[in-house]
Structure formats: C-alpha cells, structure tokens
Amino acid sequence: MNAEVWGNSKIRGEVSVGGAKNAALPILAASLLASKRIEISRIPDLADVREMISMLRALGMEISFVNNTVSLLPNDLKGDISGFSSGIRASILLLGPLTLKTGKAKISYPGGCSIGQRPIDIHLNGLRKLGFRVSVKGKVVEAVPMRRPRQVNIRLSFPSVGATEHLMTTASIMKGTETELLNCAKEPEIVDLQRFLNSMGARILGAGTSRIHIKGVPRLLSVHHEVIGDRIEAGTYAILTMASGGDLIVKGITPSTLNFVDVLRKMGGVISIHDNSMRIRASELMPMEVVTAPYPGFPTDLQPQITVLACKAKGISKITEKIFENRLGHVEELKKMGAILDVVGQAIKINGPQVLHGAKVVGKDLRETAAMVIAAAIADGPSEIENFEILFRGYENVVEKLNKIGVRVITS
Ligand code: UD1
C-alpha cells in the first residue's frame with residue numbers, strides 16, 4: 001500500500017493512544033496459561049496483535065476480539081504449530097507456556113522486523129535452566145519439560161525484554177519451583193505482565209527491577225485486565241508535534257512509563273503531564289546526543305523518529321543505536337528527502353537545521369516507517385511512502401489519527 005503525505009503540516013488538537021502493543025503481545029501469549037475464561041481490555045487492533053490471536057486460535061483457544069476487548073477460553077491445546085509460520089518475533093513467547101500446557105511444543109522460528117539478526121538464545125538458555133530440553137531443527141523450535149528444579153537462578157546475558165517476559169511467564173506456573181531472574185529488563189510492559197499474571201494467582205515479585213522472583217503455582221485462574229497505554233505511540237505523536245512546531249494533547253497515556261520526555265524537554269519541548277494526558281509544544285529546537293538503552297534509557301523504538309527531529313534542531317546532534325545492529329535504515333530514506341546525515345558505526349551525526357523535501361520513500365520496518373511519516377509531514381512538499389501498511393503493525397487507526405491532527409494522508 002502506498003500513502004501520499006502532504007507536507008508543511010502543523011499539528012494541532014488531540015489524539016488518543018491505544019493500549020501498548022508491547023504489553024498486549026506478551027499478555028496474550030501468557031493467557032495460554034489460564035484455566036478459566038479471561039477478558040483483556042484495551043487491546044490495540046493492530047496487525048501484530050491479530051497475528052498473535054490467529055496463533056492462539058491455531059493452538060485451539062476460543063477467542064473473540066470486539067471493541068478492543070479480547071475474551072479467551074482455554075480449550076484442549078495442540079502443542080504443534082510449527083506449520084504456522086509467524087511474522088512476529090513475539091511468537092517465541094508461546095514456547096514455554098505451551099510446553100507446560102501440552103507436554104511438548106513445536107513452533108516455527110520467529111520472524112519480525114528487518115532490524116538485525118534477533119537471536120533467541122537468551123530465551124532458549126533460560127528454558128534449559130528451567131529444566132526443558134530445547135532444540136532448533138531447521139525452522140522449528142521444539143521444547144519438552146524434562147525435570148522440575150526446586151530452585152533456579154537465571155542471569156540473562158543481556159536484559160532482553162522478550163526473554164524476561166517469556167521466562168517470568170513460564171516459571172509462574174511451575175509448581176514446586178522457585179525462580180530468580182537476574183539482569184532482567186525493566187520495561188513498564190513487563191510490570192503490566194506481572195500485574196496480569198498476579199491477578200490470575202501467580203506469585204511474582206520484582207518486575208520493573210533487574211531481579212524478579214517467581215514462586216510457581218499450580219494453575220492460573222480467571223481475570224479481567226486492562227492494558228497500559230502505548231508509550232511508543234505517544235512518543236511518536238509527541239515527536240511529530242515538536243518537529244512541526246505544533247501543539248497537541250495526547251490522551252490515554254500511562255504517565256509513569258514515559259521514558260522519552262526528558263530528552264524531548266532538553267530538545268526544547270514544552271511538555272506538561274496530567275493524570276492520563278500530556279500536552280506538547282515546541283518553538284526552538286535544540287540539538288541533542290541521544291543513545292538508545294534498555295529502560296529507563298531512551299527507547300530504540302523512538303530512535304528513527306528522533307533522528308527526524310534532530311534534523312530540525314539548530315546545531316550538531318548525535319543519535320547512537322545500541323540495542324539493534326541494523327536499525328539505521330531510515331538514514332538512506334531521509335537522504336532521499338535531502339537530509340545530510342553522516343553514519344559512523346552505529347551513530348548518526350546531523351548538522352541542523354535542515355530542510356526536508358517531499359520525495360518517494362520506502363518503509364522497511366515499523367518504527368522507520370513512522371519516522372518517514374514524520375519527515376513527510378514536515379517536508380516542504382508532498383511525499384509518497386511505499387509499504388505504508390507496515391505502520392498497521394504498531395499504530396492503531398493511524399490514518400484517521402494523522403488526518404485529525406493535521407497531517408493529510410491518503411492511502412491507495
Ligand atoms: C522488545 C519490543 C521491541 C523493542 C525491543 C527493545 C515487544 C513485542 N517488542 O522486543 O519493540 O524494540 O524490546 O526495547 O515487546 N537478544 C539476543 N538474544 C535473545 C534475545 C534478544 O541476543 O535471545 C538481543 C536482540 O537481538 C537485541 C537485544 O537483545 O539486539 C534486545 O532484544 P529484546 O529486548 O529481546 O527485544 P524484543 O523482546 O524482541
């Protein structure tokens with residue numbers, strides 16, 4: 001799908017963010033463990049979420065998804081969905097829970113965005129420590145529970161978000177096992193997952209810190225859970241507003257989760273945060289050195305977007321990507337729009353302010369495409385974005401929302 005985006009936008013008005021994709025996906029995967037009907041609200045209607053729901057259906061769960069609410073009823077589950085080739089990396093989160101529910105699980109090796117190799121060794125090594133036999137044969141990952149340790153300490157070699165969630169979820173239902181996870185990721189979506197699991201009867205402490213303690217319970221019961229607001233969606237609209245010199249209210253946020261606000265304020269953003277909304281304005285933009293890092297550091301998922309903002313700031317900015325090895329694809333696209341960017345290793349150097357011209361660009365990854373939209377919205381003429389539909393993986397109702405706040409987008 002192509003989208004035509006008119007330039008010279010001035011962002012105004014209000015927009016609401018949906019529930020966090022990165023909380024919804026692990027929560028949906030963990031819902032495999034429920035032994036009664038559960039209901040989860042504020043599930044964003046996104047391509048990635050629909051894919052996770054399709055996988056759960058393929059496993060045998062009965063699911064309805066209406067008005068952002070998912071209702072799930074566990075049935076007899078199939079353990080082998082290796083024939084279902086998944087485009088989302090979060091599909092790996094099904095492996096541990098499914099193995100415990102069915103005695104043996106086979107899933108296809110997870111896909112995902114084109115931002116580097118994205119190995120799953122931390123997931124698989126953790127499952128092995130939890131007593132599983134795990135093997136990768138071609139494109140299929142297989143796991144079988146072999147023994148149940150009484151006490152186990154697992155130190156993650158890197159604070160991987162997905163591996164923290166996967167191991168925490170799996171260990172939650174291993175009765176008789178006490179698990180200590182060390183060097184955990186601290187993302188707010190992990191805290192939301194802990195809240196979800198504990199309200200079903202799990203006994204997990206410490207999510208949001210680097211040390212998580214889990215006492216396995218025999219089963220998880222019924223729950224109604226509401227997912228937190230999407231901080232990356234909020235950050236994307238905030239950056240768009242600043243880049244355009246606009247004034248926007250973003251509603252539906254979870255204020256305690258916003259790890260981009262300090263950087264945006266240092267770049268000249270005037271940001272006020274209320275109970276569940278924030279207002280963003282900016283006049284003069286300042287240059288900035290930004291290095292992506294695990295939470296509470298600056299999120300890699302906003303790195304392409306902030307690169308565009310840095311193009312509009314007066315002076316030299318340096319943006320360094322430290323989480324993914326191949327997440328600088330937006331640089332080539334921004335160059336097509338006239339940006340002058342120097343890449344040295346994983347860092348982008350930008351001497352601003354720069355004028356961006358409308359151009360034909362291609363979206364290859366979710367967040368890079370979001371950056372293309374921001375660039376196109378503030379360019380001095382119309383742009384065409386190829387593969388625009390990638391945005392539907394992570395931005396709910398994005399065309400409607402953009403048009404409402406002042407970016408003219410027409411898809412074809
Ligand atoms: C999650 C987010 C994604 C975000 C990322 C980093 C979801 C659904 N997705 O992805 O939007 O960009 O966190 O904040 O929540 N790694 C390994 N081996 C592993 C696992 C990870 O080497 O077994 C490496 C990855 O290649 C990457 C880094 O660790 O370089 C971070 O990955 P991870 O934190 O696992 O990201 P995801 O959970 O996949």
Side-chain angles (χ1 to χ4, degrees), residues 19-30 43-44 46-52 55 86-96 109-129 134 136 141 143 154-170 181 183-193 196 207 210 227-228 230-233 235-236 257 259-260 291-306 320-329 346 365-371 390-391 393-395:
K21 167 180 93 100
N22 288 353
L25 290 173
I27 286 173
L28 284 169
I43 293 279
L46 299 168
D48 281 14
V49 165
R50 287 196 171 264
E51 170 124 2
M52 177 61 85
M55 293 188 83
S86 173
I88 57 167
R89 179 169 164 84
S91 60
I92 187 65
L93 304 180
L94 296 167
L95 186 64
Y109 200 93
C113 289
S114 55
I115 53 174
Q117 263 206 338
R118 303 192 84 171
I120 52 172
D121 55 313
I122 307 174
H123 295 250
L124 302 191
N125 290 337
L127 289 182
R128 289 184 182 111
K129 290 228 166 97
V134 183
V136 181
V141 191
I154 304 173
R155 177 174 288 278
L156 308 192
S157 57
F158 180 86
S160 152
V161 177
T164 302
E165 293 164 343
H166 191 185
L167 300 174
M168 179 174 115
T169 303
T170 305
L181 299 178
N183 197 27
C184 295
K186 302 176 195 162
E187 268 67 359
E189 292 76 17
I190 301 170
V191 179
D192 202 27
L193 176 64
F196 171 71
S210 60
V227 172
I228 56 172
D230 196 313
R231 65 194 161 96
I232 303 299
E233 189 187 7
T236 302
T257 67
N259 55 329
F260 54 83
V291 180
T292 63
Y295 193 88
F298 190 81
T300 172
D301 285 352
L302 289 176
Q303 178 268 111
Q305 300 90 315
I306 205 147
T320 308
E321 174 56 51
K322 288 271 193 186
I323 304 293
F324 292 110
E325 60 189 22
N326 191 18
R327 200 172 219 183
L328 303 182
Q346 287 287 87
D365 150 75
L366 169 60
R367 307 303 172 183
E368 288 174 6
T369 309
I390 294 189
L391 271 191
R393 295 184 61 170
Y395 293 89

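Every number for a ligand or one of its atoms is a count from 1 in the order of the listing. This one's a predicted model, so the numbers in the text were calculated from it and none came from an experiment.
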Of all the heavy-atom pairs spanning [X] and [Y], show the shortest one and how long it is.
{"X": "Ala30", "Y": "Thr169", "answer": "CB-CG2, 3.5 Å"}
{"X": "Pro294", "Y": "Pro159", "answer": "CG-CG, 4.0 Å"}
{"X": "Thr257", "Y": "Ile228", "answer": "CG2-CD1, 4.3 Å"}
{"X": "Pro299", "Y": "Asn259", "answer": "CD-ND2, 3.5 Å"}

[X]: numbered ligand 1 atoms lying under 4.0 Å from its heavy atoms:
{"X": "Phe158", "result": "28 (C), 29 (O), 31 (C)"}
{"X": "Gly162", "result": "35 (O), 38 (O)"}
{"X": "Arg89", "result": "20 (C), 21 (C), 39 (O)"}
{"X": "Arg327", "result": "12 (O)"}
{"X": "Ile323", "result": "27 (C), 28 (C), 30 (O), 31 (C)"}
{"X": "Val161", "result": "1 (C), 13 (O), 33 (P), 34 (O), 35 (O), 38 (O)"}
{"X": "Asp301", "result": "3 (C), 4 (C), 11 (O), 12 (O)"}
{"X": "Thr300", "result": "6 (C), 12 (O), 14 (O)"}

Salt-bridged, Arg393 to Asp365, with N to O below 4.0 Å?
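Looking at Asp365 together with Arg393, the answer is no, because their closest N to O distance does not fall below 4.0 Å.
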
Non-hydrogen side-chain atoms of His123 and Leu93 separated by less than 4.5 Å:
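Yes. Closest side-chain heavy atoms under 4.5 Å.
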
Decide yes or no for Ile323 and Phe298: does some side-chain heavy atom of the first lie under 4.5 Å from some side-chain heavy atom of the second?
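No, their side chains stay 4.5 Å or more apart.
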
Candidates Asp230, Asp48, Asp192 - the one meeting salt bridge (Lys or Arg N to Asp or Glu O under 4.0 Å) with Lys21:
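Only one option passes, and that is Asp48.
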
So, regarding Lys21 and ligand 1 (criterion: nitrogen or oxygen to nitrogen or oxygen, under 3.5 Å), is there a contact or not?
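No; every N/O pair is 3.5 Å or more apart.
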
Geometry only, no angles: is Ile122 polar-contacting ligand 1 at N/O separations under 3.5 Å?
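Yes, there is a polar N/O contact under 3.5 Å.
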
Among Gln305, Arg367, Arg231, the one residue meeting side-chain hydrogen bond (donor to acceptor under 3.5 Å, both in side chains) with Thr236:
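Exactly one candidate clears the test, Gln305.
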
Can you tell which of Pro294, Gly126, Ser157, Ser160 gets a heavy atom nearest to atom 35 (O) of ligand 1?
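Checking each option, the heavy atom nearest atom 35 (O) of ligand 1 is found in Ser160.
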
Has Pro119 got any heavy atom lying under 4.0 angstrom from an atom of ligand 1?
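Contact present.
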
In this structure, does ligand 1 have an atom that sits under 4.0 Å from one of the heavy atoms of His166?
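False for this residue.
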
